[in-house]
Amino acid sequence: MLKRVELLNEWFFNDCFEPSMCDTMSVEGFLPVQLPHTNKELPYHYFDEKDFQFISCYKRLIEIPHLMDRQIVKLRFEGVMTFATIYFDGIKVGEHKGGYTPFECEISPSLLNESSASRHCLTVVVDSTERPDIPPFGGQIDYLTYGGIYREVSLDIYAPIYIQNAQIKTRDVLTQRPSIDTDIFVENTLHEASLNNLKIRLFDKKRNLVASFEQAVVLEPGSSVLKSTLESLEGVERWSLDVPNLYWLSIQLDDEFFETRIGFREAQFKPEGFYLNGERIQIRGLNRHQSWPYVGYAMPKRIQEKDADLLKFDLHLNLVRTSHYPQSIHFLNRCDEIGLLVFEEIPGWQHIGDVEWQHIAVNHVEEMILRDWNHPSIILWGVRINESADHHVFYEKTNACARKLDTSRQTGGVRCIENSELIEDVYTMNDFAHEGGTIALRDQQTVTKLTQKVPYMVTEYNGHMYPTKKYDNEERQMEHVLRHLRVQNAAYEDPYISGAIGWCAFDYNTHKDFGAGDRICYHGIMDMFRIKKFAAYAYKSQVSPQIEPILQPVTYWARGERSIGGILPLILLTNCDFVTVQFGDSEPIPVKRKAGTLESLPYPPIIIDDTDIPPSKLGEWGMKWEDGLIKGYVKDASVIEYPMSKAPVPSRLSVVADDLKLRTGAKDATRVIVSLLDQYDNVLPFADTDIHVQLKDTSRQFGRIQGPDHFSLKGGSFGFYVESYGLSGEGVIQITVCGGGFEVVLEVQVVN
Ligand code: GAL
């Protein structure tokens with residue numbers, strides 16, 4: 001590419017489409033919008049999922065820079081939901097089926113006035129209905145796909161001989177002399193062969209040159225693949241979970257430029273587990289839907305990246321499954337940067353359509369891999385429709401497509417049936433065997449019915465088996481926690497299970513046919529704002545206390561919240577060696593982990609029962625209730641403490657933004673969490689206080705609050721997102737949050 005112009009701002013949107021809109025430059029009746037954009041903002045819950053299923057129209061005037069002889073112009077769309085038709089000055093230049101993969105439209109020279117820069121009208125007709133001819137539709141799916149141009153668009157200028165893509169494969173990574181094999185996909189649009197100069201350079205992340213290669217190449221007209229190798233790269237550092245070293249590979253073909261980030265790592269599923277750089281890593285992951293309240297999928301880069309950070313640094317997971325579709329490039333880039341493994345899969349849910357539909361699904365395999373093959377974080381391609389039945393012909397095709405494009409990665413494909421035909425390299429199974437009893441997971445032979453062991457991973461568990469709201473009662477939350485712990489424990493226990501990926505990270509809006517009836521599936525271990533439920537600490541506590549000491553008692557610390565009363569058994573999600581529990585002024589009582597309890601986990605919970613502390617020391621029914629203080633010790637040092645109030649009252653309104661600085665130039669956003677806290681800064685777990693969010697008048701030119709400015713807390717907390725506009729200059733968005741007699745002022749700066 002010679003030049004990329006981001007087309008994020010200055011779009012116009014109309015939620016009604018008429019064919020005549022394609023022929024005119026007029027945007028009368030259209031609303032100015034920025035990308036990422038959702039075709040319909042929705043309530044938090046209790047809405048009709050038909051609300052966003054309509055055909056809409058987007059327009060943008062675009063300036064094509066002055067083009068040199070025979071340069072090529074393409075429009076690139078990262079994601080439009082679900083069927084897009086593109087018109088350039090009224091002429092149809094492309095269409096695309098499927099909302100989760102990118103596509104490009106070339107603008108032919110006859111449509112351009114090549115002699116000078118010129119203004120043109122781009123019209124995108126977006127059909128966001130659930131068209132049964134396009135995956136994932138045709139059946140009924142347990143998620144919403146929303147609508148609109150919800151990812152980025154750019155205008156890309158190429159030389160007449162240009163680099164379409166490049167696949168970089170690292171080799172001999174575990175030796176002292178790793179190599180890189182580079183396949184460069186070149187298009188020569190001229191009618192004669194051409195002599196060009198190819199230059200490949202490898203830089204480390206500080207942009208120091210590590211290796212380079214230069215050669216004259218003859219390019220015949222049409223498509224060709226240039227293969228080259230950078231050998232014996234002594235001293236390059238591996239990409240790993242703890243130190244995710246990244247390098248830049250830059251390819252130049254005369255003035256044409258292609259650059260991608262890569263990592264040196266070897267990833268392989270074997271029957272005896274998953275190996276990264278030769279070391280067995282037990283996979284501990286969650287499934288992620290890429291959706292948020294109100295705006296659906298249309299969140300900018302920062303928010304996409306934030307999810308990866310939450311999964312890696314807050315929950316201490318090592319893998320995310322992009323259920324059930326390819327997700328934002330910003331999310332994947334961030335996974336590369338922070339060392340979070342990714343299992344990426346094609347769009348679909350249980351239903352397989354006719355041959356045409358299957359053809360589109362195979363295209364989706366191709367589009368996903370062509371977009372993402374250089375991400376070191378991606379370790380497995382999911383090439384089946386999630387939880388569909390076996391389909392030999394179709395899955396032979398999806399597997400063949402993946403294997404042809406990428407010999408460096410294995411395939412998986414998520415099923416939920418036993419004895420399913422294994423065409424993939426890894427048997428990836430949604431195992432919902434755990435119903436709260438003693439069976440947590442099936443062993444692989446029970447599932448596969450094969451006589452031999454195969455690479456095997458559990459890709460979902462829990463979810464609909466035990467939906468739990470953040471504000472559900474303590475006993476339900478306890479069981480929710482235990483179910484996540486039991487399944488993870490079973491996965492750790494079985495050497496032939498590479499790991500387990502829970503359903504799921506965040507609650508999500510869904511169809512009426514699923515979820516709690518309010519169009520939410522409460523299957524997350526966090527809510528839709530990514531606020532933690534207790535079960536989040538089942539994962540978070542599995543990290544070494546040297547990285548972060550964790551201590552989360554699974555209790556609201558109240559005498560009468562549970563049936564019959566009391567707080568025993570009390571689960572402490574902790575990575576500490578032992579704890580002390582103090583009731584009021586009484587002597588702290590030390591409690592250790594009991595042998596035999598979920599002991600395959602890196603850090604089993606400490607579960608306190610009446611053999612550790614007699615109920616009489618914890619305030620039996622009718623006795624005075626007291627403050628609680630739990631302290632966690634590593635070796636003999638106290639590293640963390642958790643005080644709880646005997647008589648909590650609202651003491652503070654906490655209003656915390658993830659980021660206090662947003663960027664100008666393009667739409668940006670940050671999350672704000674509002675919580676009502678007691679004297680010890682614990683969330684008041686049943687507070688449903690009314691909250692009012694106000695923007696200063698002058699702030700409105702810089703941004704807005706997504707969703708309503710009035711809401712009530714749910715389970716003591718709730719969230720909102722502050723969005724800055726793409727076009728405005730530098731300024732401050734001042735937000736006043738009032739509720740429960742408190743007022744907090746928050747200032748979010750918008751800076752260049
Ligand atoms: C699975 C499905 C997920 C979700 C989950 C709920 O069957 O793959 O998308 O619906 O159930 O537990």
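Counting starts at 1 for both ligands and their atoms, following the listed order. Below, all heavy atoms of this structure are taken into account, side chains as well, without hydrogens, waters or symmetry copies. Only a predicted model underlies this, so the values are computations on that prediction, with no experimental measurement involved.
- Applying the 4.0 Å criterion to heavy atoms of Asn430 picks out, from ligand 1, the atoms 8 (O).
- How far OG1 of Thr322 is from CD of Glu345: 6.0 Å, rounded to the nearest 0.5 Å.
- Ring orientation note: the planes of Tyr146 and Tyr297 are nearly perpendicular, at an angle over 60° on the 30°/60° scale.
- Within the 4.0 Å heavy-atom criterion, neither part of Phe514 lies near ligand 1.
- In this structure, Tyr143 does not count as a contact residue of ligand 1, since none of its heavy atoms falls inside 4.0 Å of the ligand.
- Taking the six-membered ring for Trp, Trp503 and His464 have ring centres at least 6.0 Å apart.
- A side-chain hydrogen bond (donor to acceptor under 3.5 Å, both in side chains) with Asn399 holds for exactly one of Lys404, Glu424, Arg384; it is Glu424.
- Looking at Asn386 against ligand 1, only its side chain comes within 4.0 Å, counting heavy atoms.
- Using cut-offs of 30° and 60° on the angle between ring planes, the pair Tyr556 and Phe534 is tilted.
- Here is the list of ligand 1 atoms found below 4.0 Å of a heavy atom in Phe432: 1 (C), 7 (O), 11 (O), 12 (O).
- Considering backbone and side-chain atoms together, Glu387 places an N or O closer than 3.5 Å to an N or O of ligand 1.
- Among protein heavy atoms, atom 11 (O) of ligand 1 sits closest to Glu460 OE1, 3.5 Å.
- Distances from ligand 1 to the non-hydrogen atoms of Trp349 include at least one value under 4.0 Å.
- Close contacts of ligand 1 with Gly463, meaning ligand atoms under 4.0 Å from a residue heavy atom, involve 12 (O).
- For Met465, the closest heavy-atom approach to ligand 1 does not fall below 4.0 Å.
- Each of the atoms 3 (C), 8 (O), 9 (O) of ligand 1 lies under 4.0 Å from some heavy atom of His324.
- Atom NZ of Lys714 has more than 12 neighbouring heavy atoms from other residues, nucleotides or ligands inside a 6.0 Å radius.
- For atom 10 (O) of ligand 1, the nearest protein heavy atom (residue, atom name, distance) is Asp142 OD2, 2.4 Å.
- Side-chain contact, Asp406 with Trp381: a donor N or O sits under 3.5 Å from an acceptor N or O.
- Residues Arg302 and Gln304 bring no donor and acceptor atom of their side chains to less than 3.5 Å of each other.
- Counting heavy atoms under 4.0 Å from ligand 1, residue His464 touches it through both backbone and side chain.
- Side-chain atoms of Gln140 and Asp513 form a donor-acceptor pair, as typed in the model, at a separation below 3.5 Å.
- Contacts between Val414 and ligand 1 below 4.0 angstrom, taking non-hydrogen atoms only, are absent altogether.
- Ligand 1 places these atoms under 4.0 Å from at least one heavy atom of His523: 6 (C), 12 (O).
- Tyr508 and His289 have tilted rings, their planes meeting at an angle from 30° to 60° on a 0 to 90° scale.
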